[in-house]
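Keep in mind the model is a prediction, meaning the values are calculated, not measured. The chain is numbered in sequence order, starting from 1.
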Amino acid sequence: MTDPVHDPSAATPESPVGPVDPVAVWRRAAPDAVLLDGFHALKHAVRFGAEVLVAVTADRAAALALADELAADVRDTVAGLLTEVPYATYSSLVPRPHPTAVAALAVRPDRAGNLAKLAHAPRTAPVVVLDQPRNLGNAGAVVRLAAGFGATGVVTTGTLDPWHPTVVRGGAGLHFATAVERLTVDELPPGPLFALDPEGEDIRSVKLPDEALLAFGSERTGLTAGLRARADHLVALPMSPQVSSYNLATSVAMTLYHWSAAGGAPA
């Protein structure tokens, strides 16, 4: 597919009398916006309705070739958003350059809207709860899993910001495909809470309902006392006695698969 040369100095409907400087737009928007780090993050954000404020690339032709190959459904939208800038300019805007040399800023979804989605009843898919997670990359991988399985959302407790740029990078922009928020244990949405714990009932004997909250402790310390006390059920993943734990994202994947195997996964 061919594409006209994108000239950032050309007038646009947003600026009919002169050029729009993408770097100036970036600098103004960055403090409050969500960083979409890499082509795949931009692709997913656009696909799931994100409001993208500015998007840049150091190689527009390569980015659009990726769009042609992997994202034909949003290719024209991505093409309309991307402005090519020198690599040094691109790399100055991001904490760590991405191999695709693409970055964008988007508006964070409204918290009230996310909370309404999390609390809506009846739910048709569980909410994943990460109890005081520590690893940003693992949290991002969980968001990606939750989006893939069609979970209602991902909630974190504790100090980790689930919209941190490293989490969004790990989630490949799929934060926009599900409801992602940070809450206290007391603020968790309604529903039976199934907490993963080595002392729990074997998960293979348990049916996880669609309205469940599925809670996972940190790999190092497990569940906090507050969340454990809030739990309605403790369940355990099968594990050889000599193995101490699974990676957090692996545990979430196994649990969501168990839920989906009973018919909960989207078509």
Side-chain angles (χ1 to χ4, degrees), residues 34 40-41 43-50 73 108-131 133 138-157 160 162-163 167-168 170-197 200-217 223 227 230-237 246-267:
V34 177
H40 300 290
K43 168 193 74 177
H44 283 136
V46 170
R47 185 173 285 160
F48 290 98
D73 57 317
R108 179 167 173 169
D110 176 62
R111 178 175 170 85
N114 272 348
L115 293 178
K117 292 175 185 176
L118 292 168
H120 179 76
R123 284 192 296 268
T124 58
V127 173
V128 174
V129 179
L130 303 184
D131 188 26
N138 273 346
V142 168
V143 171
R144 193 169 185 172
L145 281 164
F149 277 99
T152 295
V154 176
V155 169
T156 64
T157 69
L160 183 145
W163 286 87
V167 183
V168 178
L174 285 163
H175 283 59
F176 292 91
T178 189
V180 180
E181 289 295 338
R182 177 168 53 179
L183 301 172
T184 67
V185 171
D186 291 339
E187 293 171 332
L188 291 177
L193 196 155
F194 291 75
L196 276 289
D197 186 274
E201 182 180 359
D202 190 320
I203 197 171
R204 291 171 292 185
S205 66
V206 177
K207 178 175 173 57
L208 300 173
D210 293 347
E211 66 270 19
L213 307 178
L214 306 176
F216 303 82
L223 298 167
L227 192 138
R230 162 76 169 76
D232 299 294
H233 308 276
L234 296 179
V235 293
L237 294 168
Y246 293 120
N247 172 274
L248 175 62
T250 300
S251 296
V252 174
M254 294 171 70
T255 303
L256 286 174
Y257 180 79
H258 177 71
W259 163 73
S260 73

For Thr178, check side-chain contact (heavy atoms from CB on, under 4.5 Å) against everything at least two apart and list the hits. Val143, Val180
Residues passing the side chain to side chain donor-acceptor pair (under 3.5 Å) test with Asp202, sequence neighbours excluded, are Arg204
Identify, with sequence neighbours excluded, every residue that meets salt bridge (Lys or Arg N to Asp or Glu O under 4.0 Å) alongside Arg123. none
Residues that Ala215 engages under side-chain contact (heavy atoms from CB on, under 4.5 Å), provided they are two or more places apart: Val129, Leu193, Ala195, Leu227
Do Leu115 and Leu183 have side chains that approach each other closer than 4.5 Å (heavy atoms only, starting at C-beta)? yes
Audit row: His175, Val167, side chain to side chain contact (heavy atoms under 4.5 Å, CB included) steps and yes/no: CA-CA 9 Å; His175 283 59; Val167 183; 3.6 Å; yes
Salt bridge (Lys or Arg N to Asp or Glu O under 4.0 Å) involving Arg182 - partner list, sequence neighbours excluded: none
Test of understanding: with side chain to side chain donor-acceptor pair (under 3.5 Å), list the residues that count as partners of Arg111, not counting sequence neighbours. Glu181
Quiz question: by atom type and distance under 3.5 Å, do the side chains of Asp210 and Thr124 form a donor-acceptor pair? no
Sorted by chain and number, sequence neighbours left out, salt bridge (Lys or Arg N to Asp or Glu O under 4.0 Å) with Asp110 holds for none
Dump the intermediate steps for side chain to side chain contact (heavy atoms under 4.5 Å, CB included) on Arg230 and Asp131, then the final yes or no. CA-CA 12 Å; Arg230 162 76 169 76; Asp131 188 26; over 6 Å; no
Gap separating the CG atom of Leu130 from the CG atom of Leu160, nearest 0.5 angstrom: 8.5 Å
Under 3.5 Å: donor-acceptor pair, side chain of Thr152, backbone of Leu118: no
What residues form a side chain to side chain donor-acceptor pair (under 3.5 Å) with His40, not counting sequence neighbours? Lys43
Spacing of CG belonging to Leu196 relative to OG1 belonging to Thr255, to within rounding of 0.5 Å: 4.0 Å
Just jot down the side chain to side chain donor-acceptor pair (under 3.5 Å) partners of Arg47, sequence neighbours excluded, or say none. Asp73
Sorted by chain and residue number, the ring-ring contact (aromatic ring centres under 6.0 Å, His included) partners of His233 (sequence neighbours excluded) come out as Phe194
If the condition is side-chain contact (heavy atoms from CB on, under 4.5 Å), which residues does Ala177 pass it with, not counting sequence neighbours? Phe48, Ala147, Leu174
What one should report as the nearest heavy-atom pair of Phe149 and Trp259 is O-CZ3, 3.5 Å
When every non-hydrogen atom of Ala249 is compared with those of Asn247, the smallest separation belongs to N-OD1, 2.8 Å
Can you name the closest pair of heavy atoms from Ile203 and His258 and give their distance? O-NE2, 2.9 Å
Heavy-atom closest pair (Pro209 atom, Pro192 atom, distance to 0.1 Å) is CG-CG, 4.0 Å
State, to 0.1 Å, how close Leu248 and Gly217 come at their nearest heavy-atom pair, and which atoms those are. CD1-O, 3.9 Å
Minimum heavy-atom separation for Ala236 to Asp197, with atom names? CB-O, 3.2 Å
Starting at OG of Ser251, measure out to CG of Leu214 and round the result to the nearest 0.5 Å. 12.0 Å
